[in-house]
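Read the structure below first, then the notes.
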Amino acid sequence: MKQIPQHIAIIMDGNGRWAKKRFLPRVAGHVKGVNALKKIVTHCNDLGVKYLTVFAFGRENWNRPQDEVSFLMRLILKRLNKELDELHSKNAQIKFIGDRSRINSELLASVLAAEDKTRQNTGLNFSICLDYSGQYDIVQAVNRIIAENPETPVTEEILSQYLLTDGIPNPELVIRTSGESRISNFMLWQLAYSELYFTNIYWPDFSPAELEGAIEWYNNRERRFGKISEQI
Ligand code: FPP
């Protein structure tokens, strides 16, 4: 019997290179990337994955050409609006994780509406990291702790509760596509004991079969959490 991780987190990388290889504009890779994401969300839901978190737009991504940034924001808005009813009918709960202050008002309104509509759902928890970075998450947590409890010593438990991922268990499995073996400022605190799976496949080509391969790989890992191996 295959063990399905409770929480899978994904760094969807390689859209630009996927497009370049085909002499297409970078944004064509992003369009294909969202199509790939749709299949992965559906498959996670079918497999009974409880939490799926994807890195859609990092804080450093604002430095990309303005055209590409605007395209990505419009794409996220368009697909969110298009997929919302289906996700809701599948009992999925949608959450956006990141700094909401720089997101344009139209997208922000859709984000809030999607979260509101799906808040009571009990199926797949689908979190989309938008204007997010792991360092930002820790800093905003620390600032809120200082503001609210200046006298109380900070513990790991308290800090975890102030992270934007509060209520979401840490990922057991992290997948990064496109051959890069980096965390790139993703969930730095939350990945402390995650298994990291790197594949050369560009994100637009990452299929449900590839996801199953990653889960298979995860099943062959021995998670020790700092303890010694039981096999020795
Ligand atoms: C990385 O490829 C991909 C991104 C920065 C964007 C990923 C976003 C999506 C797939 C859209 C998400 C949509 C919704 C609705 C959540 P890259 O551009 O860094 O590729 P490269 O490294 O080959 O240049």
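Counting starts at 1 for both ligands and their atoms, following the listed order. These figures come from a predicted structure and were not determined experimentally.
- Each of the atoms 16 (C) of ligand 1 lies under 4.0 Å from some heavy atom of I128.
- Under a 4.0 Å N-O distance rule, the pair D205/K32 does not qualify as a salt bridge.
- Of the N or O atoms in R79, none lie within a sub-3.5 Å distance of an N or O in ligand 1.
- Side chain of D99 to backbone of S101: a donor-acceptor contact under 3.5 angstrom is found.
- Relative to atom 9 (C) of ligand 1, the option among M12, K21, K82, K20 with the closest non-hydrogen atom is M12.
- Salt bridge status for K78 with E83: absent, with no side-chain N to carboxylate O gap under 4.0 Å.
- Annotation: atom 19 (O) of ligand 1 to nearest protein heavy atom, R64 NH2, 2.8 Å.
- Geometrically, R64 does not engage W62 in a cation-pi contact defined by less than 6.0 Å to the ring centre and at most 45° from the axis.
- Taking the charged nitrogens against the carboxylate oxygens, R176 and E180 have no contact shorter than 4.0 Å, which rules out a salt bridge.
- Under 4.0 Å from ligand 1, not a single heavy atom of E60 appears.
- With ligand atoms numbered from 1 in the order given, ligand 1 contributes 21 (P), 22 (O), 23 (O) to contacts under 4.0 Å with heavy atoms of R17.
- Scored by the side chain to side chain donor-acceptor pair (under 3.5 Å) test, S127 finds no partners at all (sequence neighbours excluded).
- Evaluation of the side chain to side chain donor-acceptor pair (under 3.5 Å) rule for T165 yields Q190 as partners, not counting sequence neighbours.
- Close approach of ligand 1 to R26 (heavy-atom distance below 4.0 Å) involves ligand atoms 17 (P), 18 (O), 24 (O).
- Of the listed residues (G29, A56, G14, A19), the one carrying the non-hydrogen atom nearest atom 8 (C) of ligand 1 is A56.
- Scanning the protein heavy atoms around atom 13 (C) of ligand 1, the nearest turns out to be I76 CG1, 3.7 Å.
- Look at R26 and E68 and you find a salt bridge, because one of the NZ, NE, NH1 or NH2 atoms lies within 4.0 Å of a carboxylate O, short of that distance.
- Looking only at heavy atoms of the protein, atom 2 (O) of ligand 1 is closest to N15 N, 3.2 Å.
- Judged purely by atom type and a 3.5 angstrom limit, N185 uses its side chain to pair as donor or acceptor with the backbone of Q135.
- Counting the atoms of ligand 1 from 1 in the order shown, those under 4.0 Å from a heavy atom of G16 are 17 (P), 18 (O), 20 (O), 21 (P), 23 (O), 24 (O).
- Only side-chain heavy atoms of L37 come within less than 4.0 Å of ligand 1; its backbone N, CA, C and O stay farther off.
- Residue E83 does not touch ligand 1, judged by heavy-atom distances below 4.0 Å.
- Taking the charged nitrogens against the carboxylate oxygens, E115 and R100 do have a contact shorter than 4.0 Å, which makes a salt bridge.
- Applying the 4.0 Å criterion to heavy atoms of V34 picks out, from ligand 1, the atoms 10 (C), 11 (C).
- Residue W18 places no N or O, backbone or side chain, under 3.5 Å from any N or O of ligand 1.
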